[in-house]
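Reading through the structure tokens given below for one structure.
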Amino acid sequence: MSELKPARILAIETSCDETACAILENGRALLSSVVASQMDIHARYGGVFPEVASRQHVLSIIPVVQQALTRAHLTLNDIDAIAVTQGPGLAGSLIVGMNMAKGMALALDKPIIGVNHLEGHIYSSWVYEAGENVPPEPQFPLMALLVSGGHTELNLMTDHLTYQRLGSTLDDAAGEAFDKVARLLELPYPGGPSIQKAAEEGDPGRFNFPRAWLDGTWNFSFSGVKTSVLYEVQSLKKRSNGIPVHDLAASFQKAVVDVLFKKTMDAAREFGAKEILVAGGVSANRTLRQTFKAQTEFPMHIPPLSLCTDNAAMIGAAGYYRYALGHVSELEMDILPTWPLS
Ligand code: KG4
Ligand code: ZN
């Protein structure tokens with residue numbers, strides 16, 4: 001992308017329970033990334049407590065931005081533009097990051113770029129640590145599987161910032177299903193990593209949970225598999241056999257990954273994609289990563305673990321391409337409640 005203008009972007013992400021700031025050069029080279037997680041605080045409640053999340057962002061945002069600048073050995077004068085997550089997310093959390101970004105853009109007289117959180121996840125595959133080997137840049141047309149706590153969808157990406165949404169979940173998102181099944185199995189929050197851990201010692205073939213293929217569409221459904229786990233647990237409890245948590249977790253995980261993998265591969269072939277990209281918190285899942293990486297037909301982009309869950313580097317990458325391609329936002333911009341992108 002040598003034709004795009006160079007820029008150093010400072011990015012802020014506060015859509016949920018991570019206060020994050022990153023500095024990125026030309027959409028790819030990561031100079032610093034700071035993520036202050038509130039996970040331990042919310043674990044007490046078994047999920048994110050929105051009011052508590054907003055207050056933590058208020059406490060963390062200034063030190064996190066200062067730390068990102070310090071780690072990059074830069075000052076605010078070295079920044080060309082500010083990118084910030086505009087949504088979707090918790091309103092009270094988004095407001096903290098957006099107001100910080102607006103204040104900085106106003107004080108420094110620099111452009112501001114509102115970034116869709118989901119577009120950010122997709123762009124995490126463009127990011128690499130400055131000074132390390134430059135990984136190949138994703139090539140279009142690209143089949144992008146987005147699997148986060150709130151979304152599961154297949155998007156055909158034909159160019160930068162250009163998406164055709166082929167299908168999405170009709171009920172639970174993949175991450176949501178992981179979280180709900182973890183609760184059902186009485187595994188600690190956050191559910192995805194807990195299921196993964198429990199599954200490591202389990203037999204994925206012990207329970208044959210249903211796979212909703214939804215043939216003829218590119219949609220997903222995960223409420224059926226979740227309900228099947230519930231019925232199995234209830235039945236096991238009635239028979240007072242004890243709950244084989246490891247086998248249940250492994251069988252559930254396999255059922256979800258099977259569907260995500262097969263539908264993504266089918267869609268990539270059908271739409272003539274050159275490469276596949278997987279993004280969002282669930283892409284941190286080890287079984288998912290192994291399954292997708294084992295296929296040899298398509299070059300595969302799955303971000304390193306630190307960029308799978310929420311971070312600001314991905315917002316800086318998407319923000320750069322928006323900035324370089326002329327999509328600068330108004331200082332007066334509002335929260336963006338939904339995907340799809342315009
Ligand atoms: O992208 P993300 O950090 O936040 C949203 O934008 O939603 O995704 C969070 C989701 C949660 O549902 C979490 O349980 C899931 O990603 N997750 C995982 C793993 N790590 C995080 N799911 C399965 N396996 C994991 N290792
Ligand atoms: Zn996310």
Side-chain angles (χ1 to χ4, degrees), residues 11-20 22 33 35-39 42-43 46-48 50 53 84-90 93-94 97 115-125 127 144-153 168-169 172-185 187-200 202 204 220 222 225-226 249-250 252-261 277-292 302-315 317-318 336-339:
I12 292 174
E13 150 69 39
T14 63
S15 67
C16 191
D17 61 341
E18 255 97 31
T19 318
S33 177
V35 181
S37 173
Q38 306 172 6
M39 200 183 283
H42 297 291
V48 178
V84 62
T85 306
Q86 203 183 346
L90 299 171
S93 290
L94 288 164
V115 174
N116 187 300
H117 180 80
L118 302 162
E119 182 169 64
H121 273 302
I122 287 173
Y123 271 88
S124 54
S125 274
V127 179
L145 171 69
L146 188 59
V147 271
S148 70
H151 294 78
T152 299
E153 40 184 80
S168 54
T169 183
D172 291 345
E176 191 181 355
F178 268 92
D179 294 335
K180 287 178 175 170
V181 167
R183 220 168 293 153
L184 230 150
L185 299 177
L187 294 169
Y189 168 88
S194 292
I195 295 262
Q196 173 178 313
K197 192 157 179 280
E200 272 161 23
F220 298 93
F222 295 107
V225 59
K226 174 195 69 187
F252 161 77
Q253 182 174 265
K254 175 89 170 55
V256 173
V257 171
D258 277 357
V259 174
L260 293 173
F261 178 66
L277 178 155
V278 188
V282 182
S283 66
N285 184 269
R286 193 175 301 142
T287 300
L288 180 148
R289 298 170 79 85
Q290 284 167 349
T291 306
F292 276 78
I302 309 182
L305 290 181
S306 60
L307 297 177
C308 288
T309 46
D310 291 348
N311 65 87
M314 65 188 201
I315 303 301
L336 182 79
T338 54
W339 180 265

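Read the numbers this way: they start at 1 and go in the same order the structure lists the ligands and their atoms. Note: hydrogens, waters and symmetry copies are ignored here, and every other heavy atom, side chains too, is used.
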Atom 26 (N) of ligand 1: closest protein heavy atom, distance to 0.1 Å, is Gln196 OE1, 2.9 Å
Any chance you could lay out the side chain to side chain contact (heavy atoms under 4.5 Å, CB included) test for Leu185 and Phe252, step after step, and finish with the verdict?
CA-CA 11 Å; Leu185 299 177; Phe252 161 77; over 6 Å; no
Margin query: Could you check whether any heavy atom of Pro190 sits closer than 4.0 Å to an atom of ligand 1, since that is the contact criterion I want to use?
Written below: no
Metal proximity, His117 vs the Zn ion (ligand 2), N/O/S cut-off 2.8 Å: yes
The atoms of ligand 1 lying under 4.0 Å from a heavy atom of Thr309, numbered in the order shown, are 3 (O)
Atoms of ligand 1 under 4.0 Å from any heavy atom of Gly150, numbered from 1 in the order shown, are 7 (O)
Looking only at distance, does Gly191 have an N or O less than 3.5 Å from an N or O of ligand 1? no
Of all protein heavy atoms, the one nearest atom 11 (C) of ligand 1 is Asp179 OD2, 3.5 Å
re atom 24 (N) of ligand 1, the protein heavy-atom contact at minimum distance is Asn285 ND2, 3.0 Å
Below the 3.5 angstrom mark, is there an N/O of His121, backbone or side chain, next to an N/O of ligand 1? yes
The closest protein heavy-atom partner of atom 2 (P) of ligand 1 is Asp310 OD1, 3.4 Å
d(Leu277 CG, Tyr123 OH) to nearest 0.5 Å is 10.0 Å
Atom name of the N, O or S atom of Asp310 nearest to the Zn ion (ligand 2) is OD1
Electrostatic pair Arg183:Asp179 at N-O distance under 4.0 angstrom: no
Is the shortest side-chain heavy-atom distance between Gln38 and Thr19 below 4.5 Å? yes
re atom 18 (C) of ligand 1, the protein heavy-atom contact at minimum distance is Gly192 CA, 3.5 Å
Legend entry - side chain to side chain contact (heavy atoms under 4.5 Å, CB included) between Asn285 and Phe292, intermediate numbers included: CA-CA 11 Å; Asn285 184 269; Phe292 276 78; over 6 Å; no
Atom 7 (O) of ligand 1: closest protein heavy atom, distance to 0.1 Å, is Gly149 N, 2.8 Å
Sorted by chain and residue number, the side-chain contact (heavy atoms from CB on, under 4.5 Å) partners of Ala250 (sequence neighbours excluded) come out as Ala199, Pro204
Ligand 1 to Gly175, heavy atom cutoff 4.0 Å, flagged ligand atoms 12 (O)
Are Asp310 and His121 close enough, and set up right, to give a side chain to side chain contact (heavy atoms under 4.5 Å, CB included), and what steps lead you there?
-> CA-CA 8 Å; Asp310 291 348; His121 273 302; 3.1 Å; yes
**Request:** Say whether, by atom type as modelled, one donor and one acceptor occur between the side chain of Thr152 and the main chain of Thr169 under 3.5 angstrom.
**Result:** no
Quick check on Cys16 - does any of its heavy atoms sit under 4.0 Å from an atom of ligand 1? no
When you measure from the side chain of Ser194 to the backbone of Pro188, do you find a donor-acceptor pair of N or O atoms at a distance under 3.5 Å? yes
In this structure, atom 21 (C) of ligand 1 is nearest to the protein heavy atom Gly281 O, 3.4 Å
Note: His117, heavy atoms under 4.0 Å from ligand 1, region reported as side chain
Check whether any side-chain N or O of Ser93 sits under 3.5 Å from a backbone N or O of Cys16 as a donor-acceptor pair, and report yes or no.
yes
**Study point:** Heavy-atom neighbours of Arg289 CZ exceed 12 at 6.0 Å
**Key:** yes
